[in-house]
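Structure first, then comments.
Here the structure is a predicted model, which means the values were calculated and not measured. All heavy atoms count here, side chains included; hydrogens, waters and symmetry mates do not.
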Amino acid sequence: MNGNELRNILLAAAGLGLAALLPLTGSGYLLSLGVTVAMYTVLATSWALFSGPTHYISLATGAFYGLGTYVVAVGIDTLPYPVLLLIAFVAGGVAAGLVGLATLRLSGVYFVIFTLGLAEMIRQLVTWVQNNWGSHRGLYVLTDITEEIIYWELLAAAALVYLVGWWINRSRLGFALRIIGNDEVVAAHCGINTARSKVLLFMVSGSVAALVGGLLAPRWTYIEPAIAFSAMLSFQVVIMALLGGASRLWGPLVGVIPFTLLWEVISGHFPNQTTLLLGVAFLLIVYVIPNGILGRLEQLYRAAREGAG
Amino acid sequence: MDILITGLLLGGTYSLIAMGLNLQYGVARIMNLANGEMLVIGAFAAFWVFTAGQISPILSIVVVAPLAFLLNWLIYRFMLLPLVRRAKSAGQLEVDSILATFGLAFVFVGIMIATFGGEYFTYSYLAEPFVILGETYALNRVVAFVLAAIMCGLLYLWLNKSRPGMAVRAVAVNPESSGLVGINVSRVSAFAFGLGGAVTAVGGTLISTFLTMDASIGVLFTMKALIIVIMGGVGDVRGVIVASLILGLAETAVASLIDPGLTLAAAYFMFILILLFRPQGLFGRRSS
Amino acid sequence: MARDRTVLSVRGVSKRFGGLVAVSDMSFDVKEHQVMGLIGPNGSGKTTMMNLISGALRLSSGQISLQGSRISGLPAQEINRRGVARTFQLVRVLPTLSVFDNVIAGCAFGHRRRWGRDAEDHAHDILERVGLEAVALAPVSSLTYIDQKRLELARALASDPEILLLDEWLAGLNPTELQTGIELIKDLRADGRTIILVEHVMDAIRSLCDACVVMNSGAKIAEGSPGEVLADAEVIRAYLGDDDA
């Protein structure tokens, strides 16, 4: 570990520590916003762990998230909450592994298409199962877990994701993913098991999304398929991560904060225009800031330095 | 028997939609994820013309097709061609075009919700019984099927027998070599993209005669068209038609035997089978 | 030096693409420390043969073995791990990685794995070997064409392969670069590397190869020392066409 890395870790720890103080403001609105930001930070960062280096656009976040929510909702009366979170984490990984095994051997287009409809498909299946064998449509999650606790749990999850991401970036697995993102044929001829590397990292990302779903389940109290499996969530995560910049570990955070705030404003004042906002954000990313805000800042920084020197 | 015919009727209309996507993906090399929205726009136009002026949806095709062609041509020319030109690799173009067409899809949905609202829209046209082999079917489904079949046939003939059709097929096979033999690849691509959009919009007009639609349903049709194209094989007209019929049958069978809420799950089931066993498409040859 | 141990053995290998037979019933051996030239006119199936050995393509029939154990049918990454490394006909470097990391990519996963300090030291040695030490930290996009080719060679060498496949590695170089390139391969030969070269440059074939296999229309038409095969009537006919023979 060199000086730079130590500095980054200290900065990150300080930032998290500061963020952990948010509930002390006593403002319910700020706390609720904080939960949303923390949730998207974890989701977008773990999304970028896989999609950043490989450029495979995953739209499955909503599916894994919903899976985690459902694991908690189904088991909340029988098993302790931490055990349910663990099950959600594992279930997300297994689901991602299966999706990965079916699609990641093939080109990126198949993967995008498969993940695009996944949340909706699982929603249909869960609804069908509930209609035929369940006693009622929805499930109640009644716990004494407060919003503060959810918030702190999410911060802990964020710390975990950053640590795992930092470790992966230094590991051979992370390096393999960067090579795969450059040229898959070369990667295979360097001895990399490309399919296995992709599936492994996609599983990490799926596990985290399911864990976040599980963490958020107590916030809803009443859960039904249409709430848990939201395709919109997947798109929001993609936009936030790409807006910030998916090539760096902390890039997604740079996108999460402004987009969440903008989303709050738009959905508060013009609830019918959120879809339009998503569309415009996608177009903005492709045509104006293809490397994200972070990429643009780095570009400006380099230009300024060259101009000065 | 009932399932078989209803499935085939539905599949026939699907084939027109998938044909549109296949032109766009197979020739212009753009995976157009706003394809389903083009279908909804075609349906919307028919609905609007029908409710406002009692004009037959079949007649509205005459207007829908050229307008959709123009709109898609403009999209290709001014939004997608710049991406094609700036892309350093096929992978980058893939990611860019996926994101851009997603953006476009959401913008379309957003505009439709803003102008017409998010309600379901439906109208009653040719909702009369029609008897085939002793069973009764809705006449509008039969008419939609017949028109879709005619259009698929015309498209097939045009692609295989005419000079411009040959240029389109040449670009589909190999854009680089087509450029070398004097085909203007970006013009043919723009044309194919426009044509694909027009075909899809007409498919939407036909579907609106018997299905209830809303502004945000497009993505479901995009999924279905994508699954059909992958199942049939990119650029393979015959494969696409067979795949459409299979999907139409599978959906109808699942809807009437198990649960109407599981049609997407049925489509996914086919998709997984294809991915695992024939990723090159039904009639495709396994390459390298 | 014992020159009889067979490193790579190709037996009755064919590759069909649909109805087209690209490689038909090829058989040859490559001995340890041997530099073997795989030559033939354009379209004769040389690159396909290389792709079959490296696992980029699967064979339709036949068998390829490396040091006695079968490698045909294995995926490319497994073949690389067994000790086959290659360069590509159209140079393929990893554009977003630095020159140094391109070489680390060759060290980290392949035949002899190195990671961390060990890999870094090894990468520096190899960059020095191919003459790229000075640009180790530069982005790949700043490299000239020959330097990109050198980098690809360095990446292939980094896993200490049992056999190195060079697919037209000398193509596209100007006369000065060509001399540098030939010298570099001569050095590798002096190190005792086992190499298969696909090459069009006749000077290089004469000065580098211990043995040659000549292909035409997917099949082997001659085998022997460079001097022998280049004087062979059928080889001349294959290169120049029937009219001139």
>> Using a 3.5 Å distance criterion without hydrogens, assess whether the side chain of N80(C) forms a donor-acceptor pair with backbone atoms of H189(A).
In response: yes
> Which members of residues 142-150 of chain C, sorted by number, sit under 4.5 angstrom from chain A on a heavy-atom basis?
Replying inline: none
> Where does A187(A) contact chain C at under 4.5 Å (heavy atoms): side chain, backbone, both or neither?
Replying inline: neither
> Is chain C contacted by the side chain of S197(A), its backbone, both, or neither, given a heavy-atom distance below 4.5 Å?
Replying inline: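 Neither part.
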>> Surrounding CH2 of W263(A) (heavy atoms of other residues, nucleotides or ligands, distance under 6.0 Å), is the total greater than 12?
In response: yes
>> Only pairs of heavy atoms separated by less than 4.5 Å count here; which of G116(C), A108(C), P75(C) has the most with chain A?
In response: A108(C)
>> At a heavy-atom distance under 4.5 Å, which candidate from A105(C), G106(C), G110(C) has the highest pair count against chain A?
In response: A105(C)
> Can you name the closest pair of heavy atoms from V186(A) and R155(C) and give their distance?
Replying inline: CG1-CZ, 3.4 Å
>> Would you compute the distance between atom CG of N102(C) and atom CG of N182(A) and round it to the nearest 0.5 angstrom?
In response: 7.5 Å
> Heavy atoms, side chains only, cut-off 4.5 Å: are R172(A) and R113(C) in contact?
Replying inline: yes
>> Quick one, T96(C) and R178(A) - any side-chain contact, counting heavy atoms below 4.5 Å?
In response: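 Side chain of T96(C) against side chain of R178(A), heavy atoms only: no contact under 4.5 Å found.
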> According to the interplanar angle, ranging from 0 to 90°, do the rings of F109(C) and F175(A) count as parallel (below 30°), tilted (30 to 60°) or perpendicular (above 60°)?
Replying inline: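 The rings of F109(C) and F175(A) lie parallel, inter-plane angle below 30°.
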>> Under a 4.5 Å cutoff for heavy-atom pairs, which residue among G191(A), A188(A), S247(A) has the most contacts with chain C?
In response: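 Counting heavy-atom pairs under 4.5 Å, the top option is G191(A).
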